[in-house]
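Sequence lines set the chain letters: A, B, ... in the order given, protein chains first and strands last, and positions in each chain run from 1. Model, not experiment: these values are computed from the prediction.
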There are 2 protein chains.
Amino acid sequence: MGKGVRRRELIVAALQQGTVASQAEVCALLESHGVEATQATVSRDLRELGAIKSADGYRLIGQASNGSAGLYSNSEKSMRQALETFLVSAEVAGNLLVLKTGPGQAQVVAVEFDRHPQPQVVGVIAGDDTIFLALKNEKCANAMRDRVIDLAGLSRSGGGS
Amino acid sequence: MGKGVRRRELIVAALQQGTVASQAEVCALLESHGVEATQATVSRDLRELGAIKSADGYRLIGQASNGSAGLYSNSEKSMRQALETFLVSAEVAGNLLVLKTGPGQAQVVAVEFDRHPQPQVVGVIAGDDTIFLALKNEKCANAMRDRVIDLAGLSRSGGGS
DNA sequence: CGACGAAATGTATGTTTATTCAACACATGA
DNA sequence: TCATGTGTTGAATAAACATACATTTCGTCG
């Protein structure tokens with residue numbers, strides 16, 4: 001687990017610093033920092049990080065306007081804490097991610113999503129013990145579920161049914 | 001010089017409308033509008049237009065708004081007023097249309113949708129500042145977003161974060 | 001410990017995008 | 001007219017990217 005985090009931190013740092021033209025370039029950069037990874041892994045990382053590619057190269061969404069982007073920035077601490085404390089389950093339904101918390105705790109968690117907006121999250125609605133997250137598509141929803149479960153420290157097996 | 005203008009207009013329109021996943025898809029779209037072009041040409045056009053590609057597909061940065069007049073029945077007057085007053089943004093996610101309002105205003109707007117039911121709207125749920133509209137499909141969702149934005153008098157810029 | 005399951009990653013390969021190069025269209029000027 | 005230059009495009013191809021599947025890693029439980 002920890003190994004991948006370091007790699008993504010490096011990727012985020014690289015993208016924030018200057019533009020990177022290709023995934024191969026990212027691989028080289030990583031290697032120069034002592035982290036080995038193949039293009040395939042970088043491809044997956046970039047998708048997870050919500051990177052976009054323009055004619056200039058890769059960027060993180062909101063990079064220009066918002067200095068603190070990136071999935072693993074320290075601003076995520078409160079998010080993690082909220083999920084660790086309150087999240088009971090996370091399940092995908094189409095492009096919706098449905099989060100369950102203990103009674104009366106949904107708002108607390110939802111506020112974290114409001115506070116740390118992410119591009120692939122289109123909207124959030126919270127009831128008493130349930131949160132609906134509208135994601136851009138089903139893929140995003142699955143990715144977000146995995147991340148949320150990871151942050152909460154839940155096992156990914158349990159799930160539903 | 002000027003021949004490709006029509007083609008690029010079509011591409012811009014397509015990108016503003018909804019997500020396009022690949023350049024091949026753009027080619028197909030163009031052909032359906034009677035314009036022939038190969039993937040190579042589309043690749044050049046997209047670079048020229050400053051398009052970016054994310055996991056979701058192609059987008060334009062700095063999208064310009066495109067005014068379009070509408071015909072709206074009298075019964076939609078209160079709807080229009082509510083949207084004009086309260087709507088902040090509207091974004092599609094799958095077959096969902098996610099509307100954002102100011103704090104505490106979502107219910108007011110949602111009530112309008114309840115009051116003026118439309119066949120393509122399958123369901124409505126509202127939180128504090130967010131409304132989820134479930135549409136029959138993604139196409140309906142896009143159409144409804146355009147309509148709502150138009151009624152509210154918003155430009156169709158944003159997208160991004 | 002060994003077996004198992006989940007997650008992460010690499011390899012190989014398929015898919016998508018960018019570029020090279022030749023052909024064509026159109027304008028200009030001798 | 002013909003030669004020449006400029007710009008656009010398609011076909012072929014190279015480069016870049018994504019993904020299916022196999023492998024490794026790591027934690028957990030007997």
Whole-Å distance separating the [atom1] atom of [X] from the [atom2] atom of [N]:
X     : N      : atom1 : atom2 : answer
B:Q23 : D:dA16 : CD    : P     : 15 Å
B:E48 : C:dA18 : CD    : C1'   : 14 Å
B:K53 : D:dA16 : NZ    : P     : 15 Å
A:R7  : C:dG10 : CZ    : C1'   : 11 Å
B:E36 : C:dC24 : CD    : C1'   : 17 Å
A:R6  : C:dT9  : CZ    : C1'   : 18 Å
A:I52 : C:dT17 : CD1   : C1'   : 17 Å

Pull out every residue in residues 38-47 of chain A that has a heavy atom closer than 4.0 Å to any atom of DNA chain D, ordered by number, or say none.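 Within residues 38-47 of chain A, the residues near DNA chain D are A:Q39, A:A40, A:S43, A:R44, A:R47.
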Nearest 0.5 Å please: distance from the [atom1] atom of [X] over to the [atom2] atom of [Y].
X      : Y      : atom1 : atom2 : value
B:I131 : B:K100 : CD1   : NZ    : 11.0 Å
A:E36  : A:C27  : CD    : SG    : 9.5 Å
A:L46  : A:R8   : CG    : CZ    : 10.0 Å

Looking only at heavy atoms, which two atoms of B:V20 and B:A14 are closest? And how far apart?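 Where B:V20 meets B:A14 most closely, the heavy atoms are CG2-O, 4.3 Å.
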Between A:L96 and A:A134, which heavy-atom pair has the shortest distance, and what is it?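 Scanning both residues, the minimum pair turns out to be CD2-CA, 3.8 Å.
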A:T41 side chain reached by A:R44 side chain, heavy atoms, under 4.5 Å: yes
